[in-house]
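What follows is one structure encoded as structure tokens, with my remarks underneath.
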Amino acid sequence: MTTTPSAPDHQAAGVGGAEPPRTAVGVLGARGRMGTEVVKAVNAADDLELVAMVDDGDWLFNVADAGAQVVVDFTRPDVVMDNIRFCIDQGIHCVVGTTGFDEQRLATVAQWLEPKPDVGVVIAPNFGIGAVLLMRFAQEAARFFPSTEVVELHHPNKVDAPSGTAVRTARLVAAARRAAGLPPSPDATTDSLPGARGADVEGIPVHAVRLTGLVAHQEVLMGAAGETLTLRHDSFDRASFMPGVLLAVREIGGRPGLTVGIESLLGL
Ligand SMILES: NC(=O)C1=CN([C@@H]2O[C@H](COP(=O)(O)OP(=O)(O)OC[C@H]3O[C@@H](n4cnc5c(N)ncnc54)[C@H](OP(=O)(O)O)[C@@H]3O)[C@@H](O)[C@H]2O)C=CC1
Ligand SMILES: O=C(O)C1=N[C@H](C(=O)O)C[C@H](O)C1
């Protein structure tokens, strides 16, 4: 069911100079694990106003009818492109946490944005500040280690594998290795069972664990002669993603076009 939580007062707010106008936010996937957390975070923010909550089977037009200026999407990889297309057409900024973005999908979104120079779309595989830092640290360290592997560990209800974060991490590490002229990681193994060495993302093995009790975790393992470096990030609670999501919601109005990841929003 679509819900319009309250009549939007963002257009009226600020009259008389009493309060600055609030940004009207719609949430897609509002009753999902992440959407529920986003709804809580938006409701708790004085400068934001929740104007629409949309889930599977609801009418997407509700976000436009409710006057949403920014939409936050935590839905599913198979529906997210239609949602983004709709928001861009309606002139609504989009903060997207849903996974499933490859270079082709990103290029398609950039193309949709061309006739809409004022609209911003932020697509981030991970809004956790610690996870973003882990990716940056891995990128920095990559050139010093002949071997790197990525292990992501998640709750068993996650729909996709490997995680969007793991794929991005592997790509960033692979790019850093290429830039440093590193050869492929040494590996003399012949798999006796397919999949034993994980998925190959640009030469970086990526392993996915699904375990009851986990939320979202990632390790990057790096090895050199006589030493290893392990970088690990743990999201124990989905509240960990909210500072990054709210930062993107607040910043997106001033960032037209496509932004991938929240690194630039964090000044990294
Ligand atoms: N970038 C980041 O920091 C993070 C990204 N994620 C990603 O976010 C996505 C969602 O994760 P999670 O919240 O755990 O998943 P959930 O399955 O808990 O939630 C997805 C929600 O989307 C709804 N939905 C499905 N189709 C549509 C549609 N067409 N329009 C609107 N809503 C729809 C579902 O409704 P219904 O149940 O009725 O089908 C459900 O409420 C995943 O891709 C996940 O990997 C997750 C955590 C952090
Ligand atoms: O589905 C999840 O839970 C998560 N998805 C994102 C991903 O695939 O990288 C981000 C985080 O790992 C949690």
Side-chain angles (χ1 to χ4, degrees), residues 1-3 26-41 52-64 68 71-87 94-102 105 121-135 150-172 199 201 206-220 232-249 259-263 265-266:
M1 189 192 79
T2 308
T3 314
V27 180
L28 306 185
R31 288 181 184 76
R33 285 176 288 268
M34 283 298 290
T36 305
E37 204 64 41
V38 174
V39 164
K40 260 199 288 178
M53 295 163 61
V54 172
D55 262 289
D56 196 9
D58 294 337
W59 204 42
L60 198 49
F61 259 97
N62 281 294
V63 289
V71 151
V72 179
D73 186 303
F74 283 98
T75 56
R76 288 198 325 248
D78 58 323
V79 302
V80 65
M81 289 298 275
D82 287 346
N83 293 346
I84 295 175
R85 180 77 202 247
F86 170 83
C87 290
C94 248
V95 172
V96 181
T98 307
T99 47
F101 285 88
D102 54 15
R105 278 189 167 203
V121 175
V122 172
I123 298 175
N126 204 308
F127 283 96
I129 311 291
V132 171
L133 288 172
L134 182 150
M135 285 188 261
V150 177
V151 185
E152 56 95 331
L153 311 91
H154 282 83
H155 61 94
N157 294 317
K158 182 166 173 57
V159 289
D160 55 339
S163 71
T165 309
V167 172
R168 182 161 165 86
T169 306
R171 290 201 175 122
L172 292 170
V201 179
V206 176
H207 311 269
V209 175
R210 297 291 173 265
L211 206 69
T212 302
L214 295 183
V215 177
H217 316 258
Q218 178 165 287
E219 284 189 2
V220 179
R232 180 172 173 119
H233 174 258
D234 297 279
S235 274
F236 297 111
D237 190 304
R238 290 181 181 84
S240 61
F241 302 110
M242 292 307 116
V245 171
L246 295 190
L247 174 68
V249 167
T259 302
V260 180
I262 59 165
E263 287 82 349
L265 280 62
L266 292 167

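Whatever order the structure lists them in is the order used to number ligands and atoms, beginning at 1.
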| remark: Taking only non-hydrogen atoms of G164 and a 4.0 Å limit, the atoms of ligand 2 in range are 7 (C), 8 (O), 9 (O)
| request: Could you list which atoms of ligand 1 come closer than 4.0 Å to a heavy atom of N126? | output: 1 (N), 2 (C), 3 (O)
| message | Closer than 3.5 angstrom, by distance alone: can the side chain of T98 be matched with the main-chain N or O of T75 as a donor-acceptor pair? | response | yes
| message | Pairs of nitrogen or oxygen atoms closer than 3.5 Å, one from L28 and one from ligand 1: do any exist? | response | no
| Given that the side chain starts at C-beta and the backbone is N, CA, C, O, which of these parts of F241 lies under 4.0 Å from ligand 1, counting heavy atoms, or is it both or neither? | side chain
| task | Look only at the side chain of T165 and the backbone of P125, and say whether a donor-acceptor pair between them is shorter than 3.5 Å. | result | yes
| field | atom 5 (C) of ligand 1 [closest protein heavy-atom partner, distance rounded to 0.1 Å] | value | G97 O, 3.0 Å
| request: Examine distances only and state if a side-chain atom of D102 and a backbone atom of R105 form a donor-acceptor pair shorter than 3.5 Å. | output: yes
| message | Strictly distance-based, threshold 3.5 Å: is any side-chain N or O of N126 a donor or acceptor partner for the main-chain N or O of A131? | response | no
| Closest to atom 29 (N) of ligand 1 among V79, N157, I262 (heavy-atom distance) | V79
| task | Could you list which atoms of ligand 2 come closer than 4.0 Å to a heavy atom of T165? | result | 7 (C), 9 (O), 10 (C), 12 (O)
| query | Any idea which of K158, R76, R31, M34 brings a heavy atom closest to atom 13 (O) of ligand 1? | reply | M34
| message | Is the contact between H154 and ligand 2 made by the side chain, the backbone, both, or neither, using heavy atoms and a 4.0 Å cut-off? | response | side chain
| Flag, side chain of E152 to backbone of S163, donor-acceptor distance under 3.5 Å | yes
| query | Does some non-hydrogen atom of G128 fall short of 4.0 Å from ligand 1? | reply | no
| task | Have a look at ligand 2 and work out which part of H155, if any, has a heavy atom under 4.0 Å from it: side chain, backbone, both or neither. | result | side chain
| message | Measuring from atom 3 (O) of ligand 1, which candidate in W59, F101, F86, F127 has the nearest non-hydrogen atom? | response | F127
| message | Below a 4.0 angstrom heavy-atom separation, can you tell me which part of T75, side chain or backbone, both or neither, approaches ligand 1? | response | both
| query | Between G32 and ligand 1, is there a nitrogen or oxygen pair with a distance under 3.5 Å? | reply | yes
| Among V80, D160, V95, D56, closest by any non-hydrogen atom to atom 36 (P) of ligand 1 | D56
| Looking only at N/O atoms, are T99 and ligand 1 under 3.5 Å apart anywhere? | yes
| Which ligand 2 atoms, with their elements, are less than 4.0 angstrom from a heavy-atom of P125? | 6 (C), 7 (C), 9 (O), 10 (C)
| request: Heavy-atom contacts with N126 under 4.0 Å: which atoms of ligand 2 show up? List them by number with element. | output: 10 (C), 11 (C), 12 (O)
| Which of the atoms of ligand 2 are close to S163, meaning less than 4.0 Å from one of its heavy atoms? | 7 (C), 8 (O), 9 (O)
| said: Heavy atoms only, cut-off 4.0 Å: how does A216 contact ligand 1, side chain, backbone, both, or neither? | reply: neither
| field | Numbered atoms and elements of ligand 2 in range of A216, under 4.0 angstrom, heavy atoms | value | 11 (C), 12 (O), 13 (C)
| message | Under 4.0 Å, heavy-atom basis, I'd like to know which part of T99 is in contact with ligand 2: side chain, backbone, both or neither. | response | side chain
| request: Answer yes or no: does an N/O atom from P125 fall short of 3.5 Å to an N/O atom of ligand 1? | output: yes
| field | Distance from atom 18 (O) of ligand 1 to nearest protein heavy atom, with residue and atom | value | R33 N, 2.8 Å
| Identify the closest protein heavy atom to atom 41 (O) of ligand 1: which residue and atom is it, and at what distance? | D55 OD1, 2.6 Å
| said: Checking a contact table here: which protein heavy atom is nearest atom 4 (C) of ligand 1, and how many Å away? | reply: F74 CE2, 3.6 Å
